[in-house]
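Reading through the structure tokens given below for one structure.
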Amino acid sequence: METPRPTRSRLEPEPVPRRDVLGLASLWSAATALAISMLGMLRLPRAAVLASPSKKFRVALPETLASGEAFVPPGRSVALFRDAEGVYAVSTICTHLGCVIKPTAEGFECPCHGSRFARDGAVTKGPAPRALNWLKVAANGGNVVVDEGTTVPQGTKVNV
Ligand code: FES
């Protein structure tokens, strides 16, 4: 005759088998590793090139734009300049790894790895391997039409 097992109280729970403890520990480790890797993915740099419906756009230069001062149209990756010889456009996409560069008093600076460029796009500090692209500009009734998809030789300026 078998003796009945004593029922356990809630204060004395049934012991968890070692296999279950190890299984739960490995599951929690995997879940934690996945969560940490997902957090790491959130910290990755965002796409540097701005989405644009069209590579060609028309823009009016501000009347107060001083000679040698950069004008960056909102949402575009282009800096426009006006000087005595005309208007020209320089791409604001870094030639190192494609980050969007920011205009400074001396020219441009890349926030990603610190490259610096003169106003004409020439590299003044690496690691950028080459000068910024100059983009095609055309006059259009007092406005400027910029074609972000077409590069032109450095020094190409248009009278507006
Ligand atoms: S992307 Fe500009 S310096 Fe690296």
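Each residue takes its place number in the sequence, starting with 1. In listed order, ligands and their atoms are each counted from 1.
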>> Hydrophobic cluster membership, with links at side-chain heavy-atom distances under 4.5 Å among I/L/V/M/F/W/Y: are Phe81 and Val152 in one?
In response: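 Shared cluster, yes.
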> What do you reckon, Cys99 and Cys112 SGs under 2.5 Å?
Replying inline: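 The answer is yes, since Cys112 and Cys99 bring their SG atoms under 2.5 Å apart.
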State the atoms of ligand 1, each with its element, that fall below the 4.0 Å cut-off from a heavy-atom position in [X].
X      : result
His96  : 1 (S), 2 (Fe), 3 (S), 4 (Fe)
Ser115 : 3 (S)
Cys99  : 1 (S)

> How close does the nearest protein non-hydrogen atom get to atom 1 (S) of ligand 1, and which residue and atom is it?
Replying inline: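 Scanning the protein heavy atoms, the shortest distance from atom 1 (S) of ligand 1 goes to Leu97 N, 3.3 Å.
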> So, are Arg116 and Glu106 salt-bridged, with charged N and O less than 4.0 Å apart?
Replying inline: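 No.
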> His113: which N/O/S atom is nearest atom 4 (Fe) of ligand 1?
Replying inline: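 Answer by atom name: ND1.
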> Are side-chain heavy atoms of Lys55 and Asp147 found at a separation under 4.5 Å?
Replying inline: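 Touching, per the 4.5 Å side-chain cut-off.
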> Short question: side chain of Asp20, backbone of Gly23 - any donor-acceptor pair under 3.5 Å?
Replying inline: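 Absent.
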> Rounded to 10°, how big is the angle at atom 2 (Fe) of ligand 1 from Cys110 SG to Cys94 SG?
Replying inline: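 Taking atom 2 (Fe) of ligand 1 as the apex, the two atoms subtend 110°.
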